[in-house]
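A short write-up of the structure that comes next.
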Amino acid sequence: MGFQMTVKFVYDKKISHIPEYENSLPDYPKWFEPFVMKHLQESDSKIKNSFLIKSLDKDTFTVQPNSSIKHSSSVIDIFSSLRATYDSLDKMKCPIPALRDKYRLRLCVDTTA
């Protein structure tokens with residue numbers, strides 16, 4: 001996804017100002033769609049298969065009556081991983097709304113499945 005960011009930078013600095021391309025959506029995000037979807041799939045499998053199971057097995061959370069902590073460390077780890085995936089999608093700033101929505105939907109489906 002680093003290469004996509006480089007292409008986006010070049011497009012924004014060099015190409016987007018050309019009158020022919022000023023009012024049109026760029027094509028470059030479509031080139032990277034298979035790679036982004038693969039990244040989301042790998043992220044999902046990491047969370048569901050190894051990370052989630054290991055963290056829940058390791059977790060020995062017990063509720064303490066007077067404690068202000070209402071969650072376990074595995075919950076924090078899982079949400080941190082989800083947040084990192086969302087942040088990487090957000091940093092791409094995909095200019096094609098349908099493609100951006102497709103990525104976000106995939107992340108939501110992975111999260112809820």
Side-chain angles (χ1 to χ4, degrees):
M1 292 194 330
F3 185 59
Q4 180 177 357
M5 298 300 284
T6 304
V7 171
K8 179 186 180 338
F9 176 78
V10 170
Y11 181 86
D12 290 345
K13 295 294 180 188
K14 303 290 183 185
I15 298 172
S16 66
H17 305 295
I18 299 172
E20 182 180 329
Y21 296 103
E22 249 178 4
N23 296 322
S24 64
L25 291 174
D27 286 336
Y28 74 85
K30 295 176 189 171
W31 305 341
F32 297 99
E33 181 181 358
F35 303 107
V36 174
M37 295 304 273
K38 183 176 182 192
H39 172 73
L40 290 173
Q41 178 184 2
E42 289 171 355
S43 246
D44 174 52
S45 66
K46 180 180 91 170
I47 291 170
K48 283 184 180 174
N49 295 335
S50 62
F51 190 69
L52 180 65
I53 293 169
K54 286 179 185 176
S55 65
L56 289 175
D57 285 344
K58 183 180 171 184
D59 197 7
T60 58
F61 179 70
T62 55
V63 178
Q64 303 295 328
N66 297 329
S67 176
S68 63
I69 299 173
K70 302 292 184 196
H71 50 77
S72 64
S73 60
S74 62
V75 172
I76 294 171
D77 293 342
I78 292 165
F79 278 98
S80 295
S81 180
L82 291 171
R83 179 66 187 197
T85 304
Y86 178 80
D87 286 344
S88 67
L89 288 178
D90 196 40
K91 285 179 187 175
M92 288 189 319
K93 298 197 184 308
C94 183
I96 302 173
L99 194 55
R100 183 178 55 238
D101 293 345
K102 184 176 181 180
Y103 296 155
R104 288 179 178 167
L105 179 64
R106 172 62 193 258
L107 181 61
C108 289
V109 167
D110 291 345
T111 304
T112 59

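All values derive from a computational prediction rather than experimental measurement. Values below: all heavy atoms of this structure, side chains included; hydrogens, waters and symmetry mates excluded. We're numbering straight along the sequence, starting at 1.
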- Item | Single-linkage hydrophobic cluster Phe9~Ile15, side-chain heavy atoms < 4.5 angstrom | no
- Query: Do Arg104 and Asp90 come within less than 4.5 Å of each other through their side chains, counting heavy atoms only?
  - Reply: yes
- Query: Between atom NZ of Lys38 and atom CD of Gln41, what is the distance when rounded to the nearest 0.5 Å?
  - Reply: 8.0 Å
- Task: Kindly indicate whether the side chain of Arg106, heavy atoms from C-beta on, has any atom under 4.5 Å from the side chain of Val36.
- Result: no
- Task: Kindly indicate, with the supporting measurements, whether the criterion salt bridge (charged side-chain N to carboxylate O under 4.0 Å, His left out) is fulfilled by Arg83 and Asp87.
- Result: CA-CA 6 Å; Arg83 179 66 187 197; Asp87 286 344; 3.1 Å; yes
- Check: Asp12 main-chain N/O paired with His17 side-chain donor or acceptor under 3.5 Å: yes
- Message: Hydrophobic clusters here meaning ILVMFWY residues chained together by side-chain heavy-atom distances under 4.5 Å, can you tell me if Tyr21 and Val10 are in one?
- Response: no
- Specify the closest pair of heavy atoms between Gln4 and Pro29, including all atoms of both residues, with the distance to one decimal. NE2-CA, 4.2 Å
- Query: With a 4.5 Å limit on heavy-atom distance, are the side chains of Ser16 and Pro26 in contact?
  - Reply: no
- Considering all heavy atoms of both residues, which atom of Lys30 and which atom of Leu99 are nearest to each other, and what is their separation? N-CD2, 4.0 Å
- Query: Roughly how far, to the nearest 0.5 Å, is the OH atom of Tyr28 from the SG atom of Cys94?
  - Reply: 7.0 Å
- With the side chain counted from C-beta on, respond yes when Tyr103 and Met92 share a heavy-atom pair under 4.5 Å apart, and no when they do not. yes
- Task: Supply the atom-to-atom distance Lys8 NZ to Lys13 NZ, rounded to the nearest 0.5 angstrom.
- Result: 9.5 Å
- Query: What closest approach, in Å, do Tyr11 and Ser24 show between heavy atoms, and which atom pair accounts for it?
  - Reply: OH-O, 4.0 Å
- Query: Any side-chain heavy-atom pair from Phe32 and Val7 closer than 4.5 angstrom?
  - Reply: yes
